[in-house]
Participant: 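Quick one: the structure is below, and I'll ask about it shortly.
Keep in mind the model is a prediction, meaning the values are calculated, not measured.
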Amino acid sequence: MNQPFAFNKGEPLVTVDAGVTVRKVGVHLGAEISGVDLCKPLSNAQFKVIEAALVEHELIIFHDQDITSEQLMEFGRRFGPLTVHPFAPNEGRDAPELIKFRNDEKTPPYGSDTMFVSMTAAYEGLSDRMQQFISGLEGVHDMKPFRPLFGKSEEERKKLQQFELMYPPVLHPVVRVHPESGKKVLFVNPQFTVGINGMEEQESCALLDLLFRRALVPEYQFRHHWTPHTIAMWDNRSTQHYAVHDYYPQRRYMERVTIKGGPVTGVPKADPSSIRQLKYVAPAGVDVHGGHKPH
């Protein structure tokens, strides 16, 4: 009978269960998975081990997996419905869920690594006072990175307005709770988080700059070096990633699928009545905009 076991003899922790080997390769995130062939359907027991490894290690890596695009999508669907990115290059009507980064048929002989960072570790590394301060705050997330994709013609401006209506700014907790592990995660990033709800702009910028820098701490990071037929899966609920563009003029070819996310739950908000109000608040009915209005 196949029994799970673990051992640690001066090497990274290794666990084996249902024939699946999970080898921890990073301090805060990262594990290599072996003992499975993703060309074949996974048993329920195998899938549960892999799913648990993703939650625990936040980044899991499979080597020597020469799978097709269809098999990659099927593997992704085991975790949930696939989502279609509105801006990423894909296969169109045939497979809109399959994102393709295809520039050349050759794989770069060096460079092209991807950096991952645990935002769980980034939160846990904050002081107790800062953790308390940011608990309950909400970040304003916007589609600003994609605005430059639209041209300056009237037609392009109208198209941009349509996308802004489809994807308006949304509020997400600065500290989210991971739905599976229950751990607290720092949930802001410089690409999409444009402000802190209810804060003055200078306060918001200063706080966000401090929080953004937590992702730059090397101790919270893992650098993944790509090799042919490698699959990396990361938990977007608790990680961030950055593709290192150091391989020009070489090119790389990658395929990716994204599992649809769920609701983002934060920690309890502070009681507004307990916060001392120091700034001036205009009485009801007073025009604080000096008569300015859209015409």
Side-chain angles (χ1 to χ4, degrees), residues 4-6 12-36 38 41-62 72-83 85 97 114-126 131 134-139 141 170-189 192-193 211 214-215 220-222 224 231-241 256-269:
F5 67 92
L13 181 67
V14 176
T15 61
V16 181
D17 191 4
V20 181
T21 300
V22 181
R23 176 177 178 266
K24 183 176 180 179
V25 293
V27 176
H28 291 293
L29 76 167
E32 291 181 343
I33 308 291
S34 59
V36 292
L38 298 184
L42 294 170
S43 69
N44 290 336
Q46 289 175 320
F47 175 73
K48 287 181 179 179
V49 174
I50 294 173
E51 186 178 38
L54 176 65
V55 173
E56 179 181 356
H57 298 286
E58 303 184 337
L59 165 68
I60 53 177
I61 302 162
F62 303 81
L72 176 64
M73 289 189 289
E74 284 304 311
F75 176 62
R77 290 191 182 101
R78 288 296 298 267
F79 294 84
L82 302 184
T83 184
H85 196 290
E97 307 95 341
T114 301
M115 303 291 295
F116 295 92
V117 60
S118 170
M119 299 310 291
T120 308
Y123 170 80
E124 292 173 349
L126 292 169
Q131 289 180 358
I134 64 176
S135 295
L137 296 181
E138 293 178 312
H141 292 244
V170 295
L171 297 178
H172 287 308
V174 171
V175 181
R176 73 170 297 175
V177 178
H178 194 284
E180 303 295 335
S181 69
K183 294 181 179 179
K184 296 179 181 179
V185 179
L186 186 59
F187 200 63
V188 294
N189 67 81
F192 294 101
T193 314
L211 298 179
R214 305 305 296 172
Y220 306 150
Q221 299 174 351
F222 179 86
H224 172 62
I231 296 176
M233 183 175 188
W234 59 94
D235 192 338
N236 261 342
R237 299 168 294 187
S238 55
T239 65
Q240 294 182 19
H241 71 281
R256 188 172 78 194
V257 294
T258 305
I259 292 90
K260 184 178 180 180
V264 181
T265 303
V267 296
K269 298 180 181 180

Participant: State, with a plain yes or no, whether a side-chain heavy atom of Val177 is found less than 4.5 Å away from one of Lys183.
Facilitator: no

Participant: Should Leu82 and Ile259 count as side-chain neighbours, where that means a heavy-atom distance under 4.5 Å?
Facilitator: yes

Participant: Kindly compute the distance separating CZ (Phe116) from CH2 (Trp234), expressed to the nearest 0.5 Å.
Facilitator: 5.0 Å

Participant: List the steps and the verdict of side-chain contact (heavy atoms from CB on, under 4.5 Å) for Arg176 and Leu186.
Facilitator: CA-CA 7 Å; Arg176 73 170 297 175; Leu186 186 59; over 6 Å; no

Participant: Is it true that Glu58 and Ser118 share a donor-acceptor pair across their side chains at a distance under 3.5 Å?
Facilitator: yes

Participant: Distance from Leu29 atom CG to Leu59 atom CG, nearest 0.5 Å?
Facilitator: 5.5 Å

Participant: Hey, is the main chain of Ala215 close enough, under 3.5 Å, to the side chain of Gln221 for a donor-acceptor pair?
Facilitator: yes

Participant: Under the 3.5 angstrom rule, does the side chain of His178 hit a backbone N or O of Ser181 as a donor-acceptor pair?
Facilitator: yes

Participant: Can we call the ring centroids of Tyr220 and His28 under 6.0 Å apart?
Facilitator: yes

Participant: Checking Glu138 against His172 for the side-chain contact (heavy atoms from CB on, under 4.5 Å) test, could you report, in this order, the C-alpha distance in whole Å, the side-chain angles of both residues, the deciding distance, and whether it holds?
Facilitator: CA-CA 5 Å; Glu138 293 178 312; His172 287 308; over 6 Å; no

Participant: Go through the steps to decide whether Thr21 and Val14 satisfy the test side-chain contact (heavy atoms from CB on, under 4.5 Å), and finish with yes or no.
Facilitator: CA-CA 7 Å; Thr21 300; Val14 176; 3.7 Å; yes

Participant: How long is the gap from CG on Leu54 to CD1 on Ile60, to the nearest 0.5 Å?
Facilitator: 4.5 Å

Participant: Is the shortest heavy-atom distance from the side chain of His57 to the side chain of Val22 under 4.5 Å?
Facilitator: yes

Participant: Going through the checks in order, is the side-chain contact (heavy atoms from CB on, under 4.5 Å) test met by Leu171 and His141?
Facilitator: CA-CA 6 Å; Leu171 297 178; His141 292 244; over 6 Å; no

Participant: Check each of Val185, Val267, Leu137, Thr193 against Val174 using the side-chain contact (heavy atoms from CB on, under 4.5 Å) test, and report the only one that passes.
Facilitator: Leu137

Participant: Roughly how far, to the nearest 0.5 Å, is the CD1 atom of Ile61 from the CD1 atom of Ile33?
Facilitator: 9.0 Å

Participant: Counting C-beta onward and ignoring hydrogens, is there a side-chain heavy-atom pair between Met115 and His241 closer than 4.5 Å?
Facilitator: no

Participant: Is a side-chain N or O of Gln46 found less than 3.5 angstrom from the main chain of Ser43, in a donor-acceptor match?
Facilitator: yes

Participant: Hey, does the side chain of Arg78 reach the backbone of Leu42 with a donor-acceptor pair shorter than 3.5 angstrom?
Facilitator: yes

Participant: I would like to know whether Arg77 and Glu74 meet salt bridge (charged side-chain N to carboxylate O under 4.0 Å, His left out); could you show each step before the answer?
Facilitator: CA-CA 5 Å; Arg77 290 191 182 101; Glu74 284 304 311; 2.8 Å; yes

Participant: Could you tell me which non-hydrogen atom of Tyr123 sits nearest to which non-hydrogen atom of Ser135, and how far apart they are?
Facilitator: OH-OG, 4.3 Å

Participant: Please name the pair of heavy atoms, one in Ala31 and one in Val25, separated by the smallest distance, quoted to 0.1 Å.
Facilitator: N-CG2, 3.8 Å

Participant: Does any part of the side chain of Thr239, heavy atoms only, come nearer than 4.5 Å to the side chain of Met119, both counted from C-beta?
Facilitator: no

Participant: Taking all non-hydrogen atoms of both residues, which atom of Asn189 and which atom of Gln240 are closest, and how far apart?
Facilitator: CB-NE2, 3.6 Å

Participant: Minimum heavy-atom separation for Asn236 and Phe187, please, with both atom names.
Facilitator: O-CE1, 4.3 Å

Participant: Considering all heavy atoms of both residues, which atom of Val36 and which atom of Val20 are nearest to each other, and what is their separation?
Facilitator: CG1-CG2, 3.5 Å

Participant: Looking only at heavy atoms, which two atoms of Phe75 and Phe79 are closest? And how far apart?
Facilitator: O-CD1, 3.4 Å

Participant: Would you say that Pro179 contacts Thr265 through its side chain, given a criterion of any heavy-atom pair below 4.5 Å between the two side chains?
Facilitator: no

Participant: Return the CD1 to CE distance between Ile50 and Met233, rounded to the nearest 0.5 Å.
Facilitator: 9.5 Å

